[in-house]
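Every number for a ligand or one of its atoms is a count from 1 in the order of the listing. Atom set for the values below is all heavy atoms of this structure, side chains included, hydrogens, waters and symmetry mates excluded.
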Amino acid sequence: MRKKVIAGNWKMNNDISGSAELISGIINNIDFSRVNSDVIVCPPFTSLETASELVKNTPIKVGAQNMFFEDKGAFTGEISAAMLLSAGCDYVILGHSERRAIFNESNEWINKKIHKALSSGLKPIFCVGETLEERESGVMKDVLKKQITEGLTGVTSNQMEEVIVAYEPVWAIGTGKTASPEQAEEVHKFIRDLITKMYNKDVADNLVIQYGGSVKPNNAAELLSQPNIDGALIGGAALKADSFIDIIYSAEL
Ligand code: PGA
């Protein structure tokens, strides 16, 4: 049985005090005895250290939203894997569609970042997903296959134990349009079959594949009950403690 993983991607929201308030709201209101999933919060870089301090005696883990693949040097504005580790991170989101679309990140760059994360001891949450245009023109599976094969080039079966894949259809992110449970399940099954071909059944069976894109308290349970949906990557609904907690509880239904 795969363990479910529920992660909040805060994006560019919350300064240090706002982050502390949100994390305290989660910690003070959640009943951890009801939770079997792994729970991760991914605040902006500036709040990572504060977040790590606050979750220290709880099961919640901290992730970053991006990093660069070089170790150090003249890369103005960038953050290294070692810096994230020193701020208390266990996870890092890589290849989010906003990074791909707004900041021109290529599959090749994302691949380099995945390798750097893995060799540094950070677990990548590797995001893939098609645009509406790609889905409607029938190239969705080709796009996903390219993102996944190029993103995971050179990643070994052993390293795959540390990787989470997040399927996030771009048309569902921040739009209120969720993929239906059937649409999402179909793609998750496609991804798992692809991983079986690239690696083997063991690797595929153990891989956590999260769904992301307008996950809310009122649709989470149905999505999370699909056989190949192993968790959620949540944007908007992770910015309020009560809705984030509701989604975490939905994974237990
Ligand atoms: P959303 O964002 O839940 O606000 O759609 C999800 C994401 O981009 O990770």
Checklist entry - Can a donor-acceptor pair be found between the side chains of Asn228 and Glu185 at a distance below 3.5 Å? => result yes

Checklist entry - Going by distance alone, is a donor N or O of one side chain under 3.5 Å from an acceptor N or O of the other, for Asn111 and Thr153? => result no

Next on the checklist: As an exercise, identify every atom of ligand 1 less than 4.0 angstrom from a heavy atom of Gly213.
Outcome noted: 5 (O)

Checklist entry - Which of the numbered atoms in ligand 1 are below 4.0 angstrom from a heavy atom of Ser214? => result 1 (P), 3 (O), 5 (O)

Next on the checklist: Salt bridge check, Arg99 against Glu105: does any charged N sit closer than 4.0 Å to a carboxylate O?
Outcome noted: yes

Item to check | Glu161 and Asn206: side chain donor to acceptor below 3.5 Å | outcome: no

Item to check | Side chain Gln65, main chain Cys42, donor-acceptor under 3.5 Å | outcome: yes

Checklist entry - His96 heavy atoms, cut-off 4.0 Å: which ligand 1 atoms fall inside? => result 7 (C), 8 (O), 9 (O)

Item to check | Taking atom 4 (O) of ligand 1 as the reference point, the nearest protein heavy atom with its distance | outcome: Gly236 N, 2.9 Å

Checklist outcome for this item: Counting from 1 in the order shown, the ligand 1 atoms closer than 4.0 Å to a non-hydrogen atom of Gly174 are 1 (P), 4 (O), 5 (O)

Checklist entry - Got the closest protein heavy atom to atom 3 (O) of ligand 1, with its distance? => result Gly235 N, 2.9 Å

Item to check | Proximal ligand 1 atoms for Ala172, defined as those under 4.0 Å from one of its heavy atoms | outcome: 5 (O)

Next on the checklist: At under 4.0 Å between heavy atoms, is it the side chain or the backbone of Ala237 that contacts ligand 1, or both, or neither?
Outcome noted: neither

Checklist entry - Just checking, any donor-acceptor pair under 3.5 angstrom between side chains of Thr156 and Asn158? => result no

Next on the checklist: Against ligand 1, does Gly212 come closer than 4.0 Å with any heavy atom?
Outcome noted: no

Checklist entry - Taking NZ, NE, NH1 and NH2 as the nitrogens, is one of them in Lys56 or Glu53 under 4.0 Å from a carboxylate oxygen of the other? => result yes

Item to check | Min N/O separation Glu168 to ligand 1 under 3.5 Å | outcome: yes

Item to check | Proximity flag Lys11 to ligand 1, non-hydrogen atoms under 4.0 Å | outcome: yes

Checklist outcome for this item: The answer for which part of Ile173 has a heavy atom under 4.0 Å from ligand 1 is both

Next on the checklist: Tell me whether Ser97 reaches ligand 1 (any heavy atom closer than 4.0 angstrom to a ligand atom).
Outcome noted: no

Checklist entry - Would Thr178 and Ser214 count as having a side-chain donor-acceptor pair, cut-off 3.5 Å? => result no

Checklist entry - Do you know which of His96, Lys113, Glu98, Glu78 makes side-chain hydrogen bond (donor to acceptor under 3.5 Å, both in side chains) with Asn66? => result Lys113

